[in-house]
Engineer: 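One structure, pasted below without further comment.
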Amino acid sequence: SEARRAGVPFPLYRLILHIRKHGLQTADLFSQAGSHKDFEAIRSSLDEETGWGSGAEGRLPGGIHSVVEALLRLLDSLPEPLVPRSAADACLRCGWPGDEAGASWACLQVFPRPHRDALVFLVDFLGQVHANAHHNATNIDFISSVVASVLFGLDRAGQVRSGSQEALRAASHFLSNLIRSPRPTS
């Protein structure tokens with residue numbers, strides 16, 4: 001698959017694939033919490049899967065809101081945020097209203113390839129979520145505000161500092177730029 005060749009981590013791929021297949025049209029996507037019991041079952045299922053050839057096409061246990069929550073928790077648990085700390089300030093500077101979306105895409109060029117590939121895969125998915133907004137009652141600004149904090153690692157303990165609301169707004173705008181604008185061809 002394209003995701004495997006691009007180096008997207010299997011759990012990220014697996015969660016996104018499940019939501020694409022079973023949840024893009026689910027109401028209140030990204031705004032309803034999942035159940036703890038479902039989350040534990042999803043985590044166990046991902047831990048038991050051996051990787052790319054192990055039934056990645058099957059259903060995960062639990063409800064779709066729990067799968068979305070598992071996706072957000074996975075992104076939040078990464079040792080290095082998906083937007084690497086070394087590139088975060090440049091990305092936040094691209095995240096102000098009026099900045100060109102192309103500048104946001106250009107920031108990704110300095111990412112380590114695994115981070116860039118995973119973020120592009122996630123942004124493509126979030127674009128599909130937005131394309132189904134008439135069914136799932138989401139919008140780009142809402143999705144961006146929910147996902148941006150975990151992409152940048154803004155709400156991790158010890159990393160919240162004064163001005164964090166300003167940083168969250170910039171991070172949300174950066175992500176919404178990526179979702180709204182087509183990926184440049186290279």
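Values reported hereafter were calculated over all heavy atoms of this structure, with side chains retained and with hydrogens, waters and symmetry mates removed.
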Engineer: Carefully, step by step, assess Leu108 and Leu178 under the rule side-chain contact (heavy atoms from CB on, under 4.5 Å).
Structural biologist: CA-CA 10 Å; Leu108 272 61; Leu178 295 177; 4.1 Å; yes
Engineer: For Leu154 and Ala171, which heavy atoms make the closest approach, and how far apart are they?
Structural biologist: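 Minimum heavy-atom contact is CD1-CB, 3.9 Å.
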Engineer: How would you list, by chain and number, every residue that makes a salt bridge (Lys or Arg N to Asp or Glu O under 4.0 Å) with Arg73, sequence neighbours excluded?
Structural biologist: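 Result, salt bridge (Lys or Arg N to Asp or Glu O under 4.0 Å) vs Arg73: Glu69.
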Engineer: Could you tell me which residues satisfy salt bridge (Lys or Arg N to Asp or Glu O under 4.0 Å) with Arg116, sequence neighbours excluded, listed by chain and number?
Structural biologist: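 With neighbours one apart ignored, the set is empty.
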Engineer: Ion pair present between Glu40 and Arg43, side-chain N to carboxylate O less than 4.0 angstrom?
Structural biologist: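 Counted as a salt bridge, because a side-chain N and a carboxylate O are separated by less than 4.0 Å.
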Engineer: Which atom pair, heavy atoms only, marks the closest approach of Asn177 to Trp105?
Structural biologist: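 Nearest heavy atoms, Asn177 then Trp105: O-NE1, 4.4 Å.
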Engineer: Can the positive tip of Arg14 be found less than 6.0 Å from the middle of the six-membered ring of Phe121, inside 45° of the ring normal?
Structural biologist: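 No, a cation-pi geometry is absent between Arg14 and Phe121.
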Engineer: Using side chain to side chain contact (heavy atoms under 4.5 Å, CB included) as the criterion, list what pairs up with Asp38, not counting sequence neighbours.
Structural biologist: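 Asp38 satisfies side chain to side chain contact (heavy atoms under 4.5 Å, CB included) with Ser35, Ser66 only.
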Engineer: For His115 and Leu82, indicate whether the former's side chain and the latter's backbone hold a donor-acceptor pair under 3.5 Å.
Structural biologist: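 A pair under 3.5 Å: yes.
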Engineer: Taking all non-hydrogen atoms of both residues, which atom of Phe152 and which atom of Ala88 are closest, and how far apart?
Structural biologist: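 Nearest pair, atom of Phe152 first, then Ala88: CE2-O, 3.9 Å.
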Engineer: What are the two closest non-hydrogen atoms of Ser144 and Ser172, and how far apart are they?
Structural biologist: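 For Ser144 versus Ser172, the nearest heavy atoms are CB-O, 3.3 Å.
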Engineer: In the structure I gave you, are the side-chain heavy atoms of Leu75 and Leu122 within less than 4.5 Å of one another anywhere?
Structural biologist: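 Counting from C-beta outward, Leu75 and Leu122 do come under 4.5 Å.
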Engineer: Show the numbers, then the answer: is there a side-chain contact (heavy atoms from CB on, under 4.5 Å) between Phe174 and Leu151?
Structural biologist: CA-CA 11 Å; Phe174 170 80; Leu151 289 183; over 6 Å; no
Engineer: Take atom NE2 in His65; do more than 12 heavy atoms of anything else shown fall under 6.0 Å from it?
Structural biologist: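 Above 12, so yes.
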Engineer: Output the distance between atom NE2 (His130) and atom CD1 (Ile143), rounded to the nearest 0.5 Å.
Structural biologist: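 Answer for the NE2-CD1 pair, His130 versus Ile143, is 7.5 Å.
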Engineer: Side-chain heavy atoms under 4.5 angstrom apart, residues restricted to Ile, Leu, Val, Met, Phe, Trp, Tyr: same cluster for Ile42 and Phe10?
Structural biologist: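 Yes, because Ile42 and Phe10 connect within a single hydrophobic cluster, where side-chain heavy atoms sit under 4.5 Å apart.
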Engineer: Who are the side chain to side chain contact (heavy atoms under 4.5 Å, CB included) partners of Asn139, not counting sequence neighbours?
Structural biologist: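 By the side chain to side chain contact (heavy atoms under 4.5 Å, CB included) rule, Asn139 matches Asp141, Phe142.
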Engineer: Stepwise, does the side-chain contact (heavy atoms from CB on, under 4.5 Å) test hold for Leu12 with Leu71?
Structural biologist: CA-CA 7 Å; Leu12 179 65; Leu71 172 64; 3.4 Å; yes
Engineer: Would you indicate whether the side-chain heavy atoms of Leu175 and Val123 approach each other to under 4.5 Å?
Structural biologist: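 Contact flag for Val123/Leu175 side chains = yes.
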Engineer: Is there a path of hydrophobic side-chain contacts, each under 4.5 Å between heavy atoms, that joins Phe39 and Leu17?
Structural biologist: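 Each belongs to a different hydrophobic cluster.
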Engineer: Might you work through the side-chain contact (heavy atoms from CB on, under 4.5 Å) test for Leu46 and Leu15, ending with a clear yes or no?
Structural biologist: CA-CA 9 Å; Leu46 290 173; Leu15 291 166; 3.9 Å; yes
Engineer: Closest heavy-atom contact between Gly23 and Leu29?
Structural biologist: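 Looking at all heavy atoms of both residues, the closest pair is O-CD2, 3.5 Å.
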Engineer: Can you get from Ile140 to Val146 by hopping between Ile, Leu, Val, Met, Phe, Trp and Tyr side chains that sit under 4.5 Å apart?
Structural biologist: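 Yes; Val146 is reachable from Ile140 via cluster members.
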Engineer: Report whether Phe125 and Leu74 are members of the same hydrophobic cluster (ILVMFWY, side-chain heavy atoms less than 4.5 Å apart, transitive linking).
Structural biologist: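 The answer is yes; both residues are in one hydrophobic cluster.
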Engineer: Donor-acceptor pair, distance only, cut-off 3.5 Å: does the side chain of Asn136 make one with the backbone of Leu24?
Structural biologist: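 Present.
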Engineer: Taking only residues two or more places apart in sequence, or in another chain, which ones meet Ser86 in a side chain to side chain contact (heavy atoms under 4.5 Å, CB included)?
Structural biologist: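 For Ser86 the side chain to side chain contact (heavy atoms under 4.5 Å, CB included) partners, ignoring immediate neighbours, are Pro84.
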Engineer: Taking all non-hydrogen atoms of both residues, which atom of Cys107 and which atom of Cys91 are closest, and how far apart?
Structural biologist: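 Smallest interatomic distance, heavy atoms only, reads CB-SG, 3.7 Å.
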Engineer: Among all residues two or more places apart in sequence or in another chain, which pass the side chain to side chain contact (heavy atoms under 4.5 Å, CB included) test with Ser45?
Structural biologist: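 Ser45: side chain to side chain contact (heavy atoms under 4.5 Å, CB included) contacts with Glu49, Leu60, Pro61.
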